[in-house]
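Some notes on the structure that comes next.
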Amino acid sequence: MSAHVPNLIVAALILPAVLGALTLLLLRHRLGASRLVSLMSCLALVGIAASLTVHASSGAVESYALGNWRAPFGIVLVLDRLSAMMLLLTSVLALAVMGYAVVTGADRKGWHFHPLFQFQLLGLNGAFLTGDLFNLFVFFEVLLIASYGLLLHGQGAARLRAGVQYVVINLVGSTLFLVGVGLLYGVTGTLNMADMAVRVAEASPGDQGLIAAAALVLTVVFALKAALVPLHFWLPGAYAATTATVAALFAIMTKVGAYALIRTGTLIFGEDAGTLAWLTADWMLPAAIITTVIGFVGLFAARTLREMAAWSVVGSMGVLLSAVSVFRVEAMGAALYYAVHSTLAGAALFLVVDMIAKRRGAHGDALTLAPRFCQSELLSGLFFLSAIGIVGLPPLSGFIGKLLVLDGVRAAPEAGWIWATILITTLIGVLAFARAGSRLFWKSASVEGAIPLRALRGRWGGVGVAAGLLALLGVLTVLGGPVTAYTGATAAQLFDPQQYIDAVLGPTAGGRR
């Protein structure tokens, strides 16, 4: 292991933890200083994540034992291709969202935005790096507690209603998480995921039933986080009710659930798990297909732009998990590429929607005819690019992502269902966004009484951030070859978990060679 790698792994957790506490205790009422600390923190996390991704691209898997307590007895952080990729995606998204919050003044709506933002990053980074299930639960709770506060940022009755529902649902999920973890610990005697993979593979037939039950309980929890049908109902209301800045950051939240499904599915319940191998595949695929359909049909039922953006997150998660659920290397590589794309595209759409709503005055983001508004030509272009990014049309990376998914699942027995679902829902998405764009920009031109041009905070800065996120989709397209090579290698690493196990437990762990 390179000498700097352990420090960088730990820094990804320590930096937001320390700066979040510092901002809360000392800078809570000093907005300028809080902004500077948050921006510098996000920029530093981008540098840390980029360095770790470069290191992980060599194929190395690194583990770091906190307090020098070796696994499986101590807490370990594990860096591989997947965790490094998710760290980089989180940090880039966080920097863009923080930049938008600062230039538009969205962070002025509450005193605790900046510390909550840092604690959210702590929970996200910890969830991607932890090597044991209990600390996955701990980091889930950290990011969820921070998300409760961020969801309510700016106050309002609608936000409070959505926040109460969000809290209750996630408390139920947390309880089920503890039940599942407790059952697995009772049977296997460990919470370390690498050690658990070895013990599940060696489990006696009498223990396999209880292990399967515990695994399904955990899968329900992860499916709840990923907004998989029928556990998706909390997301549209929560994401549509909160501020666009928070909703854009929350675009990565559902990917935490997907990450947990991928990590546990390939490491603990992968090919070496015997009769427990690919335990969740049979029900995950139908649920993912239905999620895709419901998400894109929800675009038509939406009455506001924020609701459209929220339903697009549900639909994109369905596409992502459709590829994941066949548990094949090619499909997994495609899913990981699409995960990066859908996160950036979803965040960009929320920011564009926010700028449109602010410029339409009393009409806000309602899909109704309204007078022309300032920067309508520019925002119509950004809305168009965001829409084609969400539905997956060329020239942006969503087109490549969906093509990769279609090609990756081609050899699966369920390929016909996945192909039909993705192609039909893509058409539905095109029609839904075309209808919305027509009402917002084309038909509105004939309505009398233009809104007077007036100064808006962050008028150009917000446009720049949203355009930057959309530009990243272009970069994903141009660099499609190197990016897909990385995601393909990541998928291959996931389906060969022995390297992960050896890095955590030692090269002779379990004798699984």
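Nothing fancy with the numbering, it's 1 onward along the sequence. All of these numbers come straight from a predicted model, not from anything done at the bench.
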Whether the side chain of [X] engages the backbone of [Y] through a donor-acceptor N/O pair (distance < 3.5 Å, no angle test) should be reported.
| X | Y | result |
| --- | --- | --- |
| N135 | V138 | no |
| S51 | G47 | no |
| T242 | A238 | no |
| S312 | A309 | yes |
| Q120 | L116 | no |
| T264 | A260 | yes |
| T425 | I428 | no |
| H341 | G389 | yes |
| R439 | T368 | no |
| K402 | V391 | yes |

Any chance the side chains of [X] and [Y] put a donor and an acceptor closer than 3.5 Å?
| X | Y | value |
| --- | --- | --- |
| S174 | E141 | yes |
| S38 | H114 | yes |
| S147 | Y166 | yes |
| S41 | Q118 | yes |
| T254 | K225 | no |

**OP:** Report the C-alpha distance between L305 and L440 in whole Å, list the side-chain angles of each, state the deciding distance to 0.1 Å, and finish with yes or no for side chain to side chain contact (heavy atoms under 4.5 Å, CB included).
**Re:** CA-CA 10 Å; L305 287 172; L440 290 170; 3.6 Å; yes
Subject >> Stepwise side chain to side chain contact (heavy atoms under 4.5 Å, CB included) test for S325 and W283 >> reply: CA-CA 9 Å; S325 58; W283 73 266; over 6 Å; no
For [X] versus [Y], what's the shortest heavy-atom pair and its separation?
| X | Y | value |
| --- | --- | --- |
| S34 | L27 | OG-O, 2.7 Å |
| L469 | A96 | CD2-CB, 3.8 Å |
| P115 | L24 | CB-CB, 3.8 Å |
| G474 | L396 | N-CD2, 4.2 Å |
| L93 | A248 | CD2-O, 3.7 Å |
| A50 | L88 | N-CD1, 3.8 Å |

With a 4.5 Å cut-off on side-chain heavy atoms, are [Y] and [X] touching?
| X | Y | answer |
| --- | --- | --- |
| L82 | R263 | yes |
| F250 | L151 | yes |
| L13 | L77 | yes |
| F113 | T245 | yes |
| F119 | I145 | no |
| C42 | L121 | yes |
| N125 | L45 | yes |
| K255 | T90 | no |

What's the separation between atom [atom1] in [X] and atom [atom2] in [Y], rounded to the nearest 0.5 Å?
| X | Y | atom1 | atom2 | result |
| --- | --- | --- | --- | --- |
| L129 | F139 | CG | CZ | 8.0 Å |
| F222 | T280 | CZ | OG1 | 10.5 Å |
| T487 | L336 | OG1 | CG | 6.0 Å |
| F350 | R306 | CZ | CZ | 9.5 Å |
| L184 | M193 | CG | CE | 11.5 Å |
| L224 | T219 | CG | OG1 | 12.5 Å |

Subject >> ring pair (Phe, Tyr, Trp, His ring centres under 6.0 Å) contacts in which one or both residues fall within residues 15-51, not counting sequence neighbours >> reply: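 Counting only pairs at least two positions apart or across chains, the ring pair (Phe, Tyr, Trp, His ring centres under 6.0 Å) contacts touching residues 15-51 are H29-W111.
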Original post:
Above 12 or not: heavy atoms from other molecules or residues under 6.0 Å from OH of Y185?
Top reply: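 12 or below, so no.
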Subject >> R30, CZ atom: more than 12 neighbouring heavy atoms under 6.0 Å >> reply: no
Subject >> Derivation and outcome, side chain to side chain contact (heavy atoms under 4.5 Å, CB included), residues M355 and F383 >> reply: CA-CA 10 Å; M355 288 186 287; F383 182 79; over 6 Å; no
Subject >> Chi angles and distances behind the salt bridge (Lys or Arg N to Asp or Glu O under 4.0 Å) call for R359, D354 >> reply: CA-CA 9 Å; R359 286 154 177 77; D354 183 57; over 6 Å; no
**OP:** Describe, in one word, how the ring planes of F137 and F177 are oriented to each other, choosing from parallel (under 30°), tilted (30 to 60°) and perpendicular (over 60°).
**Re:**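 Correct class here is perpendicular.
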**OP:** Dump the intermediate steps for side chain to side chain contact (heavy atoms under 4.5 Å, CB included) on Y100 and D107, then the final yes or no.
**Re:** CA-CA 9 Å; Y100 184 86; D107 59 340; over 6 Å; no
Table please: side-chain donor-acceptor pairs of residues 288-302 below 3.5 Å, with sequence neighbours left out.
{"unit_1": "T291", "atom_1": "OG1", "unit_2": "V229", "atom_2": "N", "d": "2.9"}
{"unit_1": "T291", "atom_1": "OG1", "unit_2": "A287", "atom_2": "O", "d": "2.6"}
{"unit_1": "T292", "atom_1": "OG1", "unit_2": "A288", "atom_2": "O", "d": "2.9"}
{"unit_1": "T292", "atom_1": "OG1", "unit_2": "G318", "atom_2": "O", "d": "3.2"}
{"unit_1": "T292", "atom_1": "OG1", "unit_2": "V319", "atom_2": "N", "d": "3.2"}

